[in-house]
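Below is one structure, written out as structure tokens, with a few remarks after it.
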There are 2 protein chains.
Amino acid sequence: MTEFEFLKGLRTRYSLSRTGDDCAVLPFREEADLLLTADMLVENVDFRLEWTTPEFLGHKALAVSLSDIAAMGGTPKWSMLSIGVPDKLWKSDFLDRFYEGWFGLARQYDVELVGGDISQVPSGLVVDSTVGGEVEKGKAFLRSGAKPGDKIFVSGFLGAAAGGLKLLETGTRFSADLSENTLHLLEAQLEPSPELQLANLLEELDIVTSAIDLSDGLSSDLNHICNESGVGAIVKTNLIPMAHGLMNHFPPNECLKMALDGGEDFRLLFTVRSNRVGMMDGLDVTQIGEITSESGRMVLVRDGRRFPLHPHGFKHF
Amino acid sequence: MTEFEFLKGLRTRYSLSRTGDDCAVLPFREEADLLLTADMLVENVDFRLEWTTPEFLGHKALAVSLSDIAAMGGTPKWSMLSIGVPDKLWKSDFLDRFYEGWFGLARQYDVELVGGDISQVPSGLVVDSTVGGEVEKGKAFLRSGAKPGDKIFVSGFLGAAAGGLKLLETGTRFSADLSENTLHLLEAQLEPSPELQLANLLEELDIVTSAIDLSDGLSSDLNHICNESGVGAIVKTNLIPMAHGLMNHFPPNECLKMALDGGEDFRLLFTVRSNRVGMMDGLDVTQIGEITSESGRMVLVRDGRRFPLHPHGFKHF
């Protein structure tokens, strides 16, 4: 049983109506809804201390939750940060540097640390970050609103975080004297930037029909949108914006796989009604395909041929 | 450096104004404030799987956070639950039973599970529970409001959870055929009940000047109130309500130590202006002493003699 299947069972058994999107949406004030998201990062599952710095890790622990707020078109407001610390790190300057990274990102987006917990763990650092945000009432981007004919967009470039991970796995370590291309890939993996500015622009334009952040990988996250919206999708390979520097390090087929299935890019994947596509001009977004009526069926077009696109992204467990 | 000292340093360095109480208090609606609390429970630090059941653990993971809401005089509304699960437990019925215990308590208080995260961990179960609640605007019980002359009250009976822990440490295991006294102590440790009803009553009476839940132990938690309020306290030993069954298992001195320093009773410790003490009649609460003007000084009166009372409760790290 995968994590996804387990959560699906839980949703059904206990009639959980607010789970299944990037954030829970709760009534808040007259003009705003409350957004809530939690992300747990576990040592040697989600990160390795030898591959990153305490500052990067503090940054990333917050960034992954801010990305969920962006995926809903919201603005983050506060965070609760719980951290389980092994004795070895407690006795070092790890926590000071971790919080420095955390607050560096928090200041950029006016996120206030309002609480949390700190606990000893026998081994293995664990960080659980809960972030609360706001979105205009009834205007949160959901996974469930895509309609046949809608155009599919992604922001930025894809595969960088997967490329960075591959470099780390094969021995490259972060260091300021690496080439710009290599640094770009490593930073995408270690110090990702949430798409909050773009999300706010899209929210103001009021044209998004469904959205998700690319945390599991394009094929998996597009599959979430298809499942929740009861639609299918067609994606054109040649339209996918590949991360700079990927081609310098990996063969073309591997680059495509990273862009399609690689997780943790934290770019936005979203759909727009076809007659509104013109409003995307000037934004750092790329149209990569279209929503179809073939429920649950994803198709990849490559060199004029059609292939089934399966969700192959990152799975916990 | 203790957890408490570290958090104090963090509060100063980053000017965190909303930490230091049982919950953060944030503006919410016109008539209500939002309460937020997070608690991390770690295997072999906060619990042992051999000593408890998955259902008890699910119950307790929520109960500790509900107790924080009670300590602020609030009403819980929703929860985000993050859980890091080792492979061995993932492959068993552990999670099904854990959530059964969690939802059993959640239903009692209409707490809605709105999200969270689930992740693999290499070893050692980790649970992080965030609970959001509401309290009448400006009416949250704080640790900082005690004034000299206020009377000190506790709810229920003290030392039961510490007694239960001691029994578990010395080999007793939960089983329905134990004596009622023994079961009472074990249940206090394994399946604690938050004081939400009492908190709501006290909130309506509008007479509490400061409050905290007894999670670290009476001596430590009273010390938190004294520090945050800039006052001292005098406590009379013979007034402390000892848990039923403690005396059947432990010598009198050890019972007193459990009632004074034992953690996790999750009863309320609070102060009331002396001219309002009559309003406590009929409530399951006991007056155990008085707030004094001797800032930071706690005194224990035993057999007519005065002793310094030091915070000796549970410390993480």
Side-chain angles (χ1 to χ4, degrees), chain A residues 1 3 6-7 9-10 13-14 16-21 23-26 28-30 34 36-46 77-78 80-85 87 90-91 95-96 99 103 106 112-124 126-130 132 316-317, chain B residues 1 3 6-7 9-10 13-14 16-21 23-26 28-30 34 36-46 77-78 80-85 87 90-91 95-96 99 103 106 112-124 126-130 132 316-317:
Chain A
M1 188 170 54
E3 171 210 341
F6 176 79
L7 290 176
L10 209 63
R13 195 177 339 153
Y14 293 108
L16 308 180
S17 62
R18 300 195 205 270
T19 62
D21 248 297
C23 294
V25 186
L26 274 82
F28 186 38
R29 284 197 296 260
E30 208 168 308
L34 178 63
L36 292 166
T37 179
D39 295 277
M40 188 174 256
L41 295 183
V42 179
E43 184 178 346
N44 295 334
V45 175
D46 299 297
K77 295 291 177 183
W78 50 260
M80 305 279 284
L81 181 63
S82 291
I83 179 160
V85 190
D87 198 46
W90 182 255
K91 289 173 176 153
L95 278 185
D96 288 334
Y99 279 100
F103 277 101
E112 185 182 358
L113 183 64
V114 297
D117 198 4
I118 186 159
S119 178
Q120 184 186 20
V121 294
S123 73
V126 182
V127 183
D128 190 44
S129 155
T130 301
H316 313 264
F317 291 92
Chain B
M1 188 171 52
E3 171 209 341
F6 176 78
L7 290 177
L10 210 62
R13 193 175 342 151
Y14 293 108
L16 308 181
S17 62
R18 301 196 203 271
T19 61
D21 247 298
C23 295
V25 185
L26 274 81
F28 186 37
R29 284 197 295 260
E30 208 169 307
L34 177 65
L36 293 166
T37 179
D39 295 277
M40 187 174 257
L41 295 183
V42 178
E43 183 177 347
N44 295 332
V45 175
D46 300 297
K77 295 291 176 181
W78 51 259
M80 305 280 284
L81 181 63
S82 290
I83 181 161
V85 190
D87 197 48
W90 182 254
K91 289 174 176 153
L95 278 185
D96 288 334
Y99 279 100
F103 278 100
E112 184 182 359
L113 183 64
V114 297
D117 198 3
I118 187 161
S119 179
Q120 183 186 17
V121 293
S123 73
V126 181
V127 184
D128 190 44
S129 155
T130 300
H316 312 263
F317 290 93

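Not measured: the values here are computed from a predicted model. Both backbone and side-chain heavy atoms feed into the values below; hydrogens, waters and symmetry mates do not.
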Heavy-atom closest contact (B:M40 atom, A:I83 atom, distance): SD-C, 3.7 Å
side-chain contact (heavy atoms from CB on, under 4.5 Å) partners of A:D39, counting only residues at least two apart: A:T37, A:V64, A:S65, A:D68, B:D117
B:R13 vs A:D96 side-chain heavy atoms within contact, under 4.5 Å: yes
Reported CG-to-OG1 distance for the pair A:L36 and B:T130, which is rounded to 0.5 angstrom: 9.0 Å
Chain A contact via B:S82 - side chain, backbone, both or neither, heavy atoms under 4.5 Å: both
Which atom of B:V121 lies closest to which atom of A:V45, heavy atoms considered: CA-CG2, 4.4 Å
Minimum heavy-atom distance B:S17-A:E112, with the two atoms named: OG-OE2, 3.9 Å
Chain A interface, residue from B:G116, B:G132, B:G9 that has the most non-hydrogen pairs under 4.5 Å: B:G116
Best-contacting candidate, B:G20, B:G124, B:P122, B:C23, against chain A by heavy atom pairs under 4.5 angstrom: B:P122
Heavy-atom contact with chain B under 4.5 Å, split by part of A:L10: side chain
Distance-minimising heavy-atom pair for A:V114 and B:T19: O-CG2, 3.4 Å
Chain B contacts, top residue of A:R29, A:M80, A:R18, A:K77 (heavy-atom pairs, under 4.5 Å): A:R18
Contacting region of B:L7 [heavy-atom separation from chain A under 4.5 Å]: side chain
Chain B interface, residue from A:L41, A:V25, A:L26, A:D21 that has the most non-hydrogen pairs under 4.5 Å: A:L26
Contacts of B:E43 that satisfy side chain to side chain donor-acceptor pair (under 3.5 Å) - sequence neighbours left out: none
Aromatic plane relationship, B:Y14 with A:F103 - under 30° parallel, 30 to 60° tilted, over 60° perpendicular: parallel
